[in-house]
2 protein chains.
Amino acid sequence: MIVETTINETLRKNQLSVTDSRKKILELFLQTQGALAHSDVEKQTGTLFDRVTIYRTLQTFVEKGIIHTIPTADNSVKYALCIDECTEGHHHDNHVHFVCDECNTTFCLTHVQIPSVKLPGGFTGKQTDVIISGICSRCGNQ
Amino acid sequence: MIVETTINETLRKNQLSVTDSRKKILELFLQTQGALAHSDVEKQTGTLFDRVTIYRTLQTFVEKGIIHTIPTADNSVKYALCIDECTEGHHHDNHVHFVCDECNTTFCLTHVQIPSVKLPGGFTGKQTDVIISGICSRCGNQ
DNA sequence: TACAGCTTTGCAACTTTGTTGCAAAATAAA
DNA sequence: TTTATTTTGCAACAAAGTTGCAAAGCTGTA
Ligand SMILES: [Mn+2]
Ligand SMILES: [Mn+2]
Ligand SMILES: [Zn+2]
Ligand SMILES: [Zn+2]
C-alpha cells in the first residue's frame, strides 16, 4: 500500500513517532479535497480517538509544518495540508483561500499568488491572508 | 452633548429602541480606535450588562449594518464600525484589515482598496477579505 | 403624564470549543 | 526483551456562544 508508506514516511521525516491517531488523521487529510475543521476530523474518525488527542495531533501537525491553519470569514478554525515545503515553525503557504458558499468547502488555491497591497505610511505588513468566498468549480458547473 | 445625540440618532435611524446597553456599546465603538472583541466590550462595560445582552447587541448591530465582523488569522471574532453606508443585511465594507503584532490592535484601512484576484476556471468570487498583519504606525514610529 | 403593547434584558441552563494534569498505554531505542 | 521516552484517554475545568422565559424597560397614543 503506497499511501500507508507515504504516511509513515511523512511522520518519520518530521521526527514524530508513528501512532494510530497520527496515521489516521494524516490519511484523512491526504484523502480529502479541501480543508478540515476539528469537528470534521472528529466526525470522520468516530469514537476511534479522544477529542483531546485530535486537538493535540492537529497542533503537532501545525507545529511540524505538515498542515496549516486557514482564517475564515465565519471565524472557525480550518486546517489543510501544506503543499509548499514548510518546516518546523516555518510556514510559507502564501496562497489564496477560497470558501464555497454552496458546499462550504475551503480550498487552497495554491497557484493563486497573494497580491501585494500598498499600505498607508507607517504600517509595515509581514503577512497577508486572502480569503475569497463565492461558488466553487464543482458547484458552479452543473 | 453632541456624541449622545449622534448615538441616539444612529439607533433611531436603524429602527432600534434606545436602551442603555445599545447606547453604551455604540459609544464604546465611537470612542475606540480599532476593532473590539466581545471580551473587550465585556471588560470595558464592567458589570453593567449581562454577557448575553452584549452578544445580542453586537449581533443586532451587525444585522443593522452599524458594525461589521472582521476575520482574523487567530480566528477570534472582532467588530468595527461600518464607515461605508451599510444597510440592514447589506454590508459593503470592502477594505483591507490590519492587525498589529505588537499592540494587537485591529485597524480598518478604509482607504486601501481590496485588490482584485484572478481565480482559476470555474471559481466565481463574491467577497474578498484581506487581513494583513505586521507593525502599525503607532508601534513602528518610536 | 399615564397606560397598553411590544421589545429588550437578565438569569438559568445548556452546548460547543478548547486547555491542562496525570496515570496508563504505546512507541522507539538499546 | 527490556527500558526510557512519548503519546493517549480520562477527568476536570475554562472560555465562548446559544436558547427560553419571566421581569423590566421602551415607545407611541391617549
Ligand atoms: Mn492553504
Ligand atoms: Mn473594517
Ligand atoms: Zn462548492
Ligand atoms: Zn500597534
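A, B, ... follow the sequence lines: proteins, then strands. Residue 1 opens every chain.
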- Distance, nearest 0.5 Å, that separates OG1 of B:T124 from CG of B:L119: 8.0 Å
- End axis versus end axis in the helix from C:dT1-D:dA30 to C:dA30-D:dT1, the angle rounded to 10°, five pairs used at each terminus: 30°
- Can you tell me how far P of C:dA28 sits from CZ of A:R22, to the nearest Å? 9 Å
- note: A:Y55, atom OH; D:dC10, atom P; distance rounded to Å ~ 16 Å
For nucleotides 26-29 of chain D, list the nitrogen or oxygen atoms of the protein found under 3.5 Å from its nitrogen or oxygen atoms, one pair per line.
residue: D:dT27; atom: OP1; partner: B:R12; partner atom: NH2; Å: 3.3
residue: D:dT27; atom: OP1; partner: B:V18; partner atom: N; Å: 2.7

- Item | Along DNA chain D (nearest heavy atom to each residue), the more 5'-positioned of A:V52 and A:T60 | A:T60
- Protein-nucleotide distance (B:Y79, atom OH; D:dA16, atom C1'), rounded to Å: 11 Å
- Task: Using a 4.0 Å heavy-atom cut-off across all strands, classify B:L58 as base, sugar-phosphate, or nothing.
- Result: nothing
- Query: When you look at A:K23 and A:N8, which way does the side-chain contact (heavy atoms from CB on, under 4.5 Å) test go after all the steps?
  - Reply: CA-CA 7 Å; A:K23 277 195 287 186; A:N8 289 15; 3.5 Å; yes
- Message: Which residue is it: B:T53, B:I66, B:I67? I am looking for the one with a side-chain contact (heavy atoms from CB on, under 4.5 Å) to B:L58.
- Response: B:I67
- Query: Quick one: the side chain of A:R56 and the base of C:dG18, do they pair up donor-acceptor inside 3.5 Å?
  - Reply: no
- Decide side-chain contact (heavy atoms from CB on, under 4.5 Å) for B:I70 and B:C108; before the verdict, give the C-alpha distance in whole Å, the side-chain angles of both, and the deciding distance to 0.1 Å. CA-CA 9 Å; B:I70 303 172; B:C108 294; 4.2 Å; yes
- Query: Can you check the B:Q59 CD to D:dG17 P distance for me, whole Å?
  - Reply: 11 Å
- Task: Rounded to the nearest angstrom, tell me the gap between atom NE2 in A:H38 and atom P in D:dA16.
- Result: 18 Å
- Item | Euclidean distance, atom CD1 of residue A:I54 to atom P of D:dT8 [Å, nearest integer] | 11 Å
- Message: Pick the closest DNA chain C nucleotide for B:R51 and for B:S21 by heavy atoms, then say which residue is nearer the 5' end.
- Response: B:S21
- Message: Centre-to-centre under 6.0 Å for A:H68 and A:Y79, is that the case here?
- Response: no
- Go through B:K24 and B:E27 one step at a time and tell me if the salt bridge (charged side-chain N to carboxylate O under 4.0 Å, His left out) criterion holds. CA-CA 5 Å; B:K24 183 69 196 167; B:E27 188 186 21; 3.7 Å; yes
- Would B:L36 and B:F29 satisfy side-chain contact (heavy atoms from CB on, under 4.5 Å), going step by step from the backbone distance to the final call? CA-CA 8 Å; B:L36 295 169; B:F29 276 103; 3.8 Å; yes
- Query: B:F107 and A:F123: ring-ring contact (aromatic ring centres under 6.0 Å, His included), yes or no, with the steps?
  - Reply: CA-CA 11 Å; B:F107 299 86; A:F123 286 83; 5.3 Å; yes
- Between A:K64 (NZ) and D:dT6 (P), how many Å, whole number? 11 Å
- Task: Find the distance B:K78:NZ to D:dG17:P and express it as a whole number of Å.
- Result: 13 Å
- Message: Show, in sequence, the C-alpha distance, side-chain angles and deciding distance for A:T105 and A:F98, and conclude whether the side-chain contact (heavy atoms from CB on, under 4.5 Å) test is met.
- Response: CA-CA 8 Å; A:T105 310; A:F98 187 93; over 6 Å; no
